[in-house]
Amino acid sequence: MGDGLFERPPRRCQIVASIVNDYDMMPQNRTTLALFSSAAVFLGALFLGVFVPVDRCDAAGDSKYAHHDGNARFLHHIHLYDASNKRIDPDSTTPYSSVNTCGRCHDYDTISHGWHFNAFMADTADGREGEPWIWTDARTGTQLPLSYRDGKQSFDPRKLGIDRWSMVKQFGGRLPGGPIGAPPEPITPDEAAPDEANAASNEGQSGAPESPSRWGLTGSLEIDCLACHGVSGSYDFNQRREQIAKENFAWAATAALRIAEIKGDVSRIKDGSDPNDEATQKRMPQVTYDARRFATDGTVFIDLIRQPENNACYQCHSQRTVNLATPNDAAGHGDDFGIQARWPHDQDVHLRGGMNCVDCHRNGIDHHIVRGFPGEDHPSGKSMVTLSCAGCHLGTEFATSHLGTEDEHAKDERHDEFSTEDLAGRLGSPLPGHAGLPALHFEKLSCTACHAGPIPRDEALGMMTSLAHSLGEKAHRSGEELPRIQGPVYAKANDGRIYPHRVMWPAYWATIEGSKIQPIDPNKLYDITRRSLRVRNSFAEDILEPKLKSSELKELLGEDRYRTKEDEWTAEEAANVSAAVREAGQALFAEKVWASLREIEKETGAAQAVYVSAGFVYAATDEENTLEKIEIEDTDAIDMIQWPIAHNVRPAGWALGAKGCVECHQDDGKLFAGTVTPLGPGPDAGSPITMASLQGIDANQRLTWNQLFQNRSSFKYIIAGSVLLLAVAVLLTAGILLGRLGVKTTTS
C-alpha cells in the first residue's frame with residue numbers, strides 16, 4: 001500500500017525534474033534558447049538513462065521481487081505451495097503455506113517486521129502504548145493485561161512464563177500470524193545473557209522450551225496475507241478463528257479461503273504425541289480441496305486487493321459501548337443496562353465522508369502502519385506529521401510549532417523537500433476555524449480530546465472491543481463479559497496533553513515476592529484453583545451472585561410470595577433479595593478465595609498469595625474463610641491502565657466546546673467533573689475518580705477558574721454598560737462645556 005509515498009526521490013530523479021521544470025519556465029518566444037534547452041534536456045536524459053538504471057527512480061527499484069507498478073489491481077491466478085514447498089493440486093492433502101506461496105513474489109521477511117507482526121521482537125520501536133492483549137478467564141475472575149512491547153502498564157508474558165504457543169492459542173483469532181506464530185529457535189548460552197528479557201524472547205521466562213511442545217502438531221500460524229488483502233466476502237474470518245480454537249494453526253488460512261474442507265481437531269490429540277506416528281497422523285486434520293477452484297493449469301484465482309478494505313480492519317478494530325450496572329443499583333442493574341444499540345450511533349465522520357481506514361493508516365512493503373498520533377516516530381525515519389489530525393487539517397507548520405510533534409531538523413529537511421505537504425487540507429480536509437480558542441488549548445489538549453470517542457457523560461461508559469471481547473464472532477453477549485473496560489476517560493498521556501482513553505483495572509492471582517507482585521500464569525492457575533473455586537462458567541455469577549435456596553426466599557418474601565416469578569416482585573422485594581444475594585456472595589467469595597490462596601501458596605511455595613481486583617489486593621488471614629485487603633508497594637501492578645481512543649471522530653458541531661467555553665469550564669463540565677469507577681470481577685468497586693484528578697488539576701483551582709467563566713457573560717454586560725455610561729458622561733460633559741463657552745461668547 002502506498003509504496004514510496006513518503007520516499008525521497010533519488011538525486012538523479014531530482015536532476016531530471018529540475019531540468020524539466022527549468023525548461024517549462026523558459027519564455028516560449030525565445031526560439032534559440034528553447035532549442036538549446038531542448039538539446040540539454042535530451043542529452044541529460046540520455047546520460048541518466050544510459051548510465052543510471054531508470055527503475056532506481058521508483059521506490060521499489062531496490063527490491064529483488066517483481067512488481068507491476070500500476071494502479072490497477074494485479075490479477076492473481078497463482079499456484080499454491082504447502083509448508084514443504086510442494087505444489088498443491090486438487091488431490092493434495094496438506095494446507096497451503098503463505099510463506100511459500102505469497103513469499104514467492106513478496107518480501108515475507110520484510111513484511112514480518114511490520115507493526116502487526118513485530119510485537120514480540122526486542123529490537124523494534126514500540127511507539128505509543130496501545131491496547132494490551134487482555135488474558136480473560138471468567139472461571140477464575142482474571143483480566144490480565146499482557147504485552148511484549150515496553151510499557152509499565154502491562155505484563156510481559158515471557159516474565160510470567162507464558163510461552164508463544166499459549167499466546168497464539170489464546171489470542172490467535174485476532175493475530176494476523178507472523179514470527180510469534182512459529183516454533184521458537186533454541187537459545188544458545190551466548191544468547192542467554194546478559195539481558196534476561198532478551199534471553200526469554202524466544203520462549204518462556206527462563207528460555208527453556210515448553211514441555212511437552214505442541215508445535216509439531218499444530219504447525220505454524222504464518223502471516224495470513226489474505227486476512228487483510230482478500231476482497232471483502234472472499235475470506236471467512238470465523239472459519240479462521242474456529243480452526244485456531246481447535247489448535248489447527250497451519251490449516252486456518254486454507255479454511256478461511258474456503259478452498260478446502262478441513263476435518264480434524266488437533267486439540268483432541270494428547271500432549272507428547274509424535275506427529276510422525278501413524279496413529280497420530282490418522283487423527284491429524286485432513287484436507288479435501290475443492291477441485292472446482294483449480295484451473296486446468298493448476299492455478300487458483302485469489303481475489304485480492306492492494307489496499308485493505310474497512311471490513312478487514314473491523315475484524316480487530318471494532319468497539320461497542322455499554323451502559324454499566326452500578327454497585328448502587330437496587331437490583332444490580334439499571335433500566336437501560338446492556339450493550340447500546342448500534343443503529344442510533346453515527347460512524348466516524350471520515351468514514352461517513354467516504355474515506356477508508358487506509359487513507360490515513362498507510363504503509364509500504366515494510367508494513368509499518370502509520371498510526372497518526374502526534375509525535376509519531378515512524379520506523380522508516382520519514383515524517384508522518386502530515387497524516388496526523390493537526391498535520392492534515394491545520395498544516396504541518398501548525399502541527400510542529402503548536403504541538404511540538406517534530407524536531408526542528410526534521411522540520412527544516414521536510415520544508416526543503418516536501419513544501420506542498422506543509423499545507424492544510426490534505427485529502428480534502430476542511431480547515432478548522434477554532435475562532436476565539438486560546439492557543440493554550442492546543443498545548444494542553446489533544447485533537448481527540450474534543451473530537452473523538454463517545455460523547456462524555458457524568459460517568460464513564462462501559463466499552464467492548466474486538467481484541468478484548470471477540471467482537472465479530474457470533475455469540476450471546478450481555479455487556480457484563482470480562483474484561484471490564486470503560487471510557488472515555490480524560491487523562492494525561494506521556495506527552496503531557498489530555499487524551500480520551502479506554503481504561504481498565506487488572507484482575508489476577510499472584511504471589512508477593514519482596515516488594516513486587518508476580519502474576520501467575522493463567523494456564524497453571526486454573527489447574528491449581530479448579531477444585532477450590534469449583535466454578536463452572538463465571539466467577540462473578542457462580543460466586544458473587546449465588547442462587548438463594550427456597551427456604552431463604554421464603555424467609556425474605558413470605559409463605560405466599562416466595563414462589564412468585566422474579567419479574568413480578570415489588571421494588572421492595574427485589575431490593576431485599578438483591579441485598580441477600582450480595583451478602584451470600586460476599587461470604588462465598590471469602591470462603592472460596594481463601595481456600596484458593598492457600599492452594600496457590602502450597603503449590604508454589606510462596607509465602608503469600610493474593611487476588612487483585614479493582615485496585616484492591618485480597619490476602620488470606622489466619623482465620624479460616626476470612627480475607628483482608630492489604631497495601632502493597634508495587635502500585636503500578638494494580639492501578640488503572642489506559643490507552644488512547646482515536647475513533648470515532650465526531651463532526652465539528654459535536655466537539656467539546658462547540659456550545660461555548662462553559663461547556664467544559666463549569667462545575668459539572670464532563671471533561672473535568674466526569675468520573676470513572678474502578679471495577680473488576682471481585683465484589684468491591686473503588687471510589688469514583690474524577691477526570692480532573694487524573695489530569696493532576698487541583699479541585700479548588702478548577703472551581704475558581706470556572707467561576708470566572710460562569711460570570712464571563714455578566715462581565716461583558718457590565719463592561720458594555722460601563723462603556724455606555726462613560727460615553728454618555730463624556731457627551732454630557734462636552735455638552736456642558738460647549739454650552740458654557742457659548743454663553744461666554746454671547747456675553748462678550
Worksheet item: Do you know which two heavy atoms are closest between L679 and A614, and how far apart they sit?
Response: C-CB, 3.8 Å
Discussion item. Test your reading of the model: is there a side-chain donor-acceptor pair from D82 to the backbone of S97, 3.5 Å cut-off?
Written reply: no
Worksheet item: Does the side chain of N100 pick up a donor-acceptor pair with the side chain of R87 at under 3.5 Å?
Response: no
Practice prompt. Check each of W135, F155, F539, Y611 against Y508 using the ring pair (Phe, Tyr, Trp, His ring centres under 6.0 Å) test, and report the only one that passes.
Written response: F155
Item to complete: Assess the side chains of R240 and Q315: does a donor N or O sit below 3.5 Å from an acceptor N or O?
Response: no
Worksheet item: Any sub-3.5 Å donor-acceptor pair from Q143's side-chain atoms to W505's backbone N or O?
Response: yes
Discussion item. Can a donor-acceptor pair be found, under 3.5 Å and without considering hydrogens, that links the side chain of H469 to the backbone of T465?
Written reply: yes
Worksheet item: Is there side-chain contact between I543 and L533, with heavy atoms separated by less than 4.5 Å?
Response: yes
Worksheet entry | Heavy-atom closest contact (D156 atom, R158 atom, distance) | OD2-NH2, 2.7 Å
Fill in: Nearest atoms (heavy-atom pairs only) where R283 meets I269
O-CD1, 3.8 Å
Worksheet entry | R174 side chain to S470 backbone, donor-acceptor under 3.5 Å | yes
Worksheet entry | Residues which pass side-chain hydrogen bond (donor to acceptor under 3.5 Å, both in side chains) with D634, listed by chain and number, not counting sequence neighbours | none
Worksheet item: Between S273 (side chain) and K270 (backbone), is there a donor-acceptor pair under 3.5 Å?
Response: yes
Fill in: Over all atoms of both residues, closest heavy-atom pair of N311 and S232
ND2-OG, 3.4 Å
Discussion item. Could you go through Q486 and M504, starting from their C-alpha distance and side-chain angles, then the distance that decides it, and tell me whether this counts as side-chain contact (heavy atoms from CB on, under 4.5 Å)?
Written reply: CA-CA 6 Å; Q486 301 179 71; M504 63 161 283; over 6 Å; no
Worksheet entry | pair M167-L146: side-chain heavy atoms closer than 4.5 Å | yes
Item to complete: Flag the pair L467 / I134 as yes when at least one side-chain heavy-atom distance between them is below 4.5 Å, and no otherwise.
Response: no
Item to complete: Using a strict cut-off of less than 4.0 Å between a Lys/Arg side-chain nitrogen and an Asp/Glu carboxylate oxygen, indicate whether D163 and K169 qualify as a salt bridge.
Response: no
Fill in: Distance in Å, T218 OG1 paired with M284 CE, rounded so as to fall on 0.5 Å steps
8.0 Å
Discussion item. Whether the side chain of K263 engages the backbone of Q286 through a donor-acceptor N/O pair (distance < 3.5 Å, no angle test) should be reported.
Written reply: no
Discussion item. Can you tell me how far apart CD (Q307) and SG (C228) are? Round to the nearest 0.5 Å.
Written reply: 12.5 Å
Discussion item. Just by distance, no angles: are the side chains of N523 and S166 close enough, under 3.5 Å, to form a donor-acceptor pair?
Written reply: yes
Worksheet item: How far does CG of L525 sit from CD1 of I600, to the nearest 0.5 angstrom?
Response: 5.5 Å
Worksheet item: So, does S466 use its side chain to make a donor-acceptor pair with the main chain of S318 at under 3.5 Å?
Response: yes
Worksheet item: Any side-chain heavy atom of W509 sitting closer than 4.5 Å to one from Y618?
Response: no
Discussion item. Working note: T142 + T136, criterion side-chain contact (heavy atoms from CB on, under 4.5 Å); need CA distance, chi angles, decisive distance, verdict.
Written reply: CA-CA 5 Å; T142 296; T136 303; over 6 Å; no
Fill in: Carboxylate-amine/guanidinium proximity below 4.0 Å for R598 and E601
yes
Item to complete: Compare all side-chain heavy atoms of L471 with those of R320 and state whether any distance is below 4.5 angstrom.
Response: yes
I'd like a table of donor-acceptor pairs (distance under 3.5 Å, sequence neighbours excluded) in which one partner is a side-chain atom from residues 248-262, with atom names and distances.
{"residue": "N248", "atom": "OD1", "partner": "V266", "partner atom": "N", "Å": "3.0"}
{"residue": "N248", "atom": "ND2", "partner": "Q243", "partner atom": "OE1", "Å": "2.9"}
{"residue": "N248", "atom": "ND2", "partner": "G264", "partner atom": "O", "Å": "3.0"}
{"residue": "T254", "atom": "OG1", "partner": "Y96", "partner atom": "N", "Å": "3.1"}
{"residue": "R258", "atom": "NE", "partner": "D236", "partner atom": "OD2", "Å": "2.9"}
{"residue": "R258", "atom": "NH2", "partner": "D236", "partner atom": "OD2", "Å": "2.9"}

Practice prompt. Might you point out which heavy atoms bring F117 and I111 nearest each other, and give the distance in Å?
Written response: CD1-O, 3.0 Å
Worksheet item: Is S538 reaching over with its side chain to a backbone N or O of E541, donor-acceptor style, under 3.5 angstrom?
Response: yes
Worksheet item: What do the steps show when you test Y235 against D224 for side chain to side chain donor-acceptor pair (under 3.5 Å), and what is the final call?
Response: CA-CA 11 Å; Y235 187 92; D224 197 343; 2.3 Å; yes
Worksheet item: Side chains of I485 and M464: does their closest heavy-atom pair fall under 4.5 Å?
Response: no
Discussion item. For I517 and V610: C-alpha separation, side-chain torsions, deciding distance, then whether side-chain contact (heavy atoms from CB on, under 4.5 Å) applies.
Written reply: CA-CA 9 Å; I517 190 167; V610 294; 3.8 Å; yes
Worksheet entry | Heavy-atom donor-acceptor pair, H229 side chain to I305 backbone, under 3.5 Å | yes
Discussion item. Taking the six-membered ring of W643 as reference, does the cationic atom of R371 (NZ for Lys, CZ for Arg) lie under 6.0 Å from its centre and within 45° of its axis?
Written reply: no
Item to complete: Report the C-alpha distance between L217 and D271 in whole Å, list the side-chain angles of each, state the deciding distance to 0.1 Å, and finish with yes or no for side-chain contact (heavy atoms from CB on, under 4.5 Å).
Response: CA-CA 9 Å; L217 300 171; D271 288 346; 6.0 Å; no
Item to complete: Find out whether N238 and R241 are in side-chain contact, i.e. whether some heavy atom of one side chain is under 4.5 Å from a heavy atom of the other.
Response: yes
Discussion item. Would you say S92 and T94 are linked by a side-chain donor-acceptor pair, where the criterion is simply a distance under 3.5 Å?
Written reply: no
Worksheet item: Taking C-beta and beyond as the side chain, do R128 and P644 meet within less than 4.5 Å on heavy atoms?
Response: yes
Practice prompt. Run the numbers on D521 and K159 for salt bridge (Lys or Arg N to Asp or Glu O under 4.0 Å), then give the verdict.
Written response: CA-CA 10 Å; D521 179 353; K159 295 181 180 179; over 6 Å; no
Discussion item. We want to know whether E222 and S98 form a side-chain donor-acceptor pair, criterion being a heavy-atom distance below 3.5 angstrom.
Written reply: yes
Discussion item. Working to the nearest 0.5 angstrom, can you tell me the gap between C316 SG and H116 NE2?
Written reply: 7.0 Å
Worksheet item: Can you name the closest pair of heavy atoms from I223 and S112 and give their distance?
Response: CD1-CA, 3.6 Å
Worksheet item: Is it true that atom CZ of R534 has more than 12 heavy atoms of other residues, nucleotides or ligands lying nearer than 6.0 Å?
Response: no
Worksheet item: Do you see a donor-acceptor pair shorter than 3.5 Å between the side chains of T529 and S596?
Response: no
Discussion item. Tell me if the aromatic rings of H76 and F74 count as close, with their centers under 6.0 Å from one another.
Written reply: yes
Discussion item. Using modelled atom types and a 3.5 Å cut-off, is there a donor and acceptor pairing between side-chain atoms of S84 and backbone atoms of K86?
Written reply: no
Worksheet item: Using 4.0 Å as the upper bound for N to carboxylate O, is an ion pair formed by R268 and D265?
Response: yes
Discussion item. To the nearest 0.5 Å, what is the distance between OG on S234 and CG on L226?
Written reply: 7.0 Å
Discussion item. By the ring-ring contact (aromatic ring centres under 6.0 Å, His included) test, which pairs, at least two apart or in different chains, include something from residues 256-312?
Written reply: H77-F301, Y289-F294
Item to complete: Nearest 0.5 Å please: distance from the CG atom of L482 over to the CZ atom of R139.
Response: 12.5 Å
Worksheet item: Below 4.0 angstrom, N of the basic side chain to O of the carboxylate: do E247 and R214 qualify?
Response: yes
Item to complete: Could you check whether the rings of W165 and W215 sit parallel, tilted or perpendicular, using 30° and 60° as the cut-offs?
Response: perpendicular
